[in-house]
Protein chains: 2
Amino acid sequence: MHSHPHGEVETPVTPQRVLEVLRRDGGRITEARRAVVETLLAAGDHHVTADELAAAVQARHPEVHRATVYRTLDRLESTGIVSHTHLGHGPSTFHLTDHPHHHAVCRSCNAIVELPPGALDDVAARLHDQHGWTLAPQHFALSGLCPDCATLG
Amino acid sequence: MHSHPHGEVETPVTPQRVLEVLRRDGGRITEARRAVVETLLAAGDHHVTADELAAAVQARHPEVHRATVYRTLDRLESTGIVSHTHLGHGPSTFHLTDHPHHHAVCRSCNAIVELPPGALDDVAARLHDQHGWTLAPQHFALSGLCPDCATLG
DNA sequence: ATAATTGCAAAGTCTTTGCAGTTTG
DNA sequence: CAAACTGCAAAGACTTTGCAATTAT
């Protein structure tokens, strides 16, 4: 369907795979976690907030509490398979780490562009050389104006 | 004391100047606003949260309510003389727009580096050419690991 | 005068936590 | 069985809002 920017073979991420990582980390596999993971993967490339995820999970499993969703995401994040991004204002959004990318968010209409992983190499190198910093590129979003909002402004 | 990165003459920003901008925008000059502006300027290059600012203001003007500080910052921001930045987790921080710069925040210890305005030109150009986006560089922080945390990790 | 601003208290949004009961490995 | 996890309810951090009284212009 779409080619991978680096020509790597795209390894499909299944709920099973994710849960396995979780178990390997000492975690337990529960109904609630299964549901959260399935729903997260179903979101695909979409950026999901914890609350949206909770709502989607509760559509099929009404007993799963929001707190459990937050805790599951925390747990998944500590294994490194999931991470969250701050898209400016509003809640954090969660996604798998299998497909590295950066985000830019329109500060006016909240539209999102995904940028290829290399897009920040220049800044990353500077930060490292001049300040000794290691950039964690998946954790923040750039902010700006999308083409539509720029012309309207 | 310290030289400007671009060798421009540094125009000193005074409370009066800021309040004038506010008035020119149709705003009124009040005791509370005077106090907020003075305290904000006193913070210098430091990145202040609304709550920190409120606390500092209240040290001398206990009657000024936190809500007023938030509203004043909003108002100042809409004139363009102040803006806020998201430094990752936690509250936004506010600063004058007179001295453009970017931030990187350590995701482990919250240390901050300021980066010169040009540091993101490369990404900005890409965003513009490839996606039509206009980067609003003062609005976000990069996230990473500072030298100390990187070596400890 | 009149429109903007204030203080207050209350609510709103997003997230975390303590706890007692349940479930997993 | 022991440790991990859950639902719940409550609280916590940060920010916004409605309103009646005050104040700047």
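Every chain is numbered from 1, with letters handed out A, B, ... down the list of sequences. Just so it is clear, the structure is predicted and the values come from calculations on it, not from any experiment.
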message: If you go through the side-chain atoms of A:Arg71, does one of them form a donor-acceptor pair with the base of D:dG7 closer than 3.5 Å?
response: yes

- prompt: Under 4.0 Å between a Lys/Arg side-chain N and an Asp/Glu carboxylate O for A:Arg24 and A:Glu20?
  reply: yes

In whole angstrom, what separates [X]'s [atom1] from [N]'s [atom2]?
X: A:Glu63; N: D:dC8; atom1: CD; atom2: P; answer: 9 Å
X: B:Glu77; N: D:dT15; atom1: CD; atom2: C1'; answer: 13 Å
X: B:His65; N: D:dT15; atom1: NE2; atom2: C1'; answer: 12 Å
X: A:Asp25; N: D:dA3; atom1: CG; atom2: P; answer: 18 Å
X: A:Leu73; N: C:dC14; atom1: CG; atom2: C1'; answer: 13 Å
X: A:Arg28; N: D:dC5; atom1: CZ; atom2: P; answer: 7 Å
X: B:Leu22; N: D:dA24; atom1: CG; atom2: P; answer: 14 Å
X: A:His86; N: D:dC14; atom1: NE2; atom2: C1'; answer: 14 Å

query: Side-chain heavy atoms under 4.5 angstrom apart, residues restricted to Ile, Leu, Val, Met, Phe, Trp, Tyr: same cluster for A:Val21 and A:Phe94?
result: yes

Check the phosphate of [N] against [X], side-chain N and O only, distance under 4.0 Å to OP1 or OP2. Yes or no?
X: B:Arg75; N: C:dA4; value: no
X: A:Ser92; N: C:dT15; value: yes
X: A:Thr30; N: C:dT24; value: no

query: Checking all strands, does A:Arg66 fall into the base, sugar-phosphate, or nothing category for heavy-atom contacts under 4.0 angstrom?
result: base

message: Students often get this wrong, so: under 4.0 angstrom with heavy atoms, is A:Thr49 touching a base, only sugar-phosphate, or nothing?
response: nothing

- request: Would you mind reporting whether A:His103 and A:Leu142 have side-chain heavy atoms less than 4.5 Å apart?
  value: no

- prompt: Relative to each other, are the rings of A:His95 and A:His101 parallel, tilted or perpendicular (30° and 60° limits)?
  reply: tilted

- prompt: Want to settle it: does B:Asp74 or B:Glu31 sit nearer the 5' end of DNA chain D, counting the closest nucleotide to each?
  reply: B:Asp74

query: In terms of side-chain heavy atoms of B:Pro91, which of D:dC5, C:dT6, D:dT15 is nearest?
result: D:dT15

- prompt: Quick one: which of D:dT15, D:dT25, C:dT15 gets closest to the side chain of B:Tyr70?
  reply: D:dT15

query: Is there a donor-acceptor contact under 3.5 Å linking the side chains of B:His47 and B:His84?
result: no

